[in-house]
Amino acid sequence: MSNHNKILVTGSLAYDHLFFHDGVFRDVVLAEHLHHLNVCFLIKERRTHFGGTGGNISYNLQLL
């Protein structure tokens with residue numbers, strides 16, 4: 001007989017898009033100009049990962 005317990009996890013599933021920028025954001029986003037912020041960044045790399053609350057909880061429970 002199996003000793004596995006069943007757990008119901010609810011939550012969102014999403015894609016997380018991570019963007020990598022070579023520069024330093026504090027050099028581009030100036031505190032005194034936040035009231036009219038308009039920026040564009042050149043990115044070096046983009047990675048897409050599964051995410052969301054339900055996905056992250058399920059994945060980490062599986063690791064236990």
Side-chain angles (χ1 to χ4, degrees):
M1 179 173 253
S2 178
N3 241 357
H4 297 292
N5 293 323
K6 294 185 180 187
I7 298 174
L8 173 66
V9 175
T10 61
S12 64
L13 293 176
Y15 287 108
D16 294 334
H17 298 279
L18 305 178
F19 298 92
F20 297 91
H21 173 59
D22 278 337
V24 180
F25 288 111
R26 72 172 168 258
D27 294 339
V28 181
V29 179
L30 304 174
E32 61 271 10
H33 296 286
L34 286 179
H35 62 283
H36 57 90
L37 183 64
N38 186 10
V39 294
C40 178
F41 299 102
L42 294 176
I43 60 169
K44 177 174 93 170
E45 180 183 354
R46 183 186 90 169
R47 294 184 196 159
T48 302
H49 298 277
F50 291 113
T53 306
N56 289 329
I57 291 171
S58 297
Y59 174 77
N60 285 292
L61 280 173
Q62 182 267 330
L63 292 177
L64 294 175

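Below, each value reflects all heavy atoms present in this structure, side chains not excepted, and no hydrogens, waters or symmetry copies. Sequence positions, counted from 1, serve as the residue numbers for this chain. Quick caveat: nothing in here was measured; it's all calculated off a predicted structure.
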Query - More than 12 heavy atoms of other groups within 6.0 Å of L42 CG - result: no

Report summary line: Y15 meets the ring-ring contact (aromatic ring centres under 6.0 Å, His included) criterion, sequence neighbours left out, with F50

Query raised in the report: Can you tell me how far the CD atom of E45 sits from the CG atom of D22, to the nearest 0.5 Å?
Result: 10.0 Å

Query raised in the report: Can D16 and T48 be said to form a side-chain contact (heavy atoms from CB on, under 4.5 Å), step by step?
Result: CA-CA 6 Å; D16 294 334; T48 302; over 6 Å; no

Requested in this report: Spell out, yes or no, whether L63 and V9 are grouped together once hydrophobic residues are joined by side-chain heavy atoms under 4.5 Å, including indirect joins.
Outcome: no

Query raised in the report: Quick one: do L61 and L8 end up in the same hydrophobic cluster if we chain Ile, Leu, Val, Met, Phe, Trp and Tyr together by side-chain heavy atoms under 4.5 Å apart?
Result: no

Requested in this report: Begin from the C-alpha positions of R47 and F20 and carry the test side-chain contact (heavy atoms from CB on, under 4.5 Å) through to its verdict.
Outcome: CA-CA 9 Å; R47 294 184 196 159; F20 297 91; 3.8 Å; yes

Query raised in the report: Rounded to the nearest 0.5 Å, how far apart are NZ of K44 and NE2 of H21?
Result: 11.0 Å

Report task. Drop me the distance from R46's CZ to L18's CG, to the nearest 0.5 angstrom. Result -> 10.0 Å

**Report entry** Whether S12 side chain and T53 backbone form a donor-acceptor pair below 3.5 Å
**Finding:** yes

Query raised in the report: Who pairs with H36 by ring-ring contact (aromatic ring centres under 6.0 Å, His included), at least two apart in sequence or on another chain?
Result: H33

Report summary line: One should read off an interatomic distance between L13 CG and S58 OG, to the nearest 0.5 angstrom, of 7.5 Å

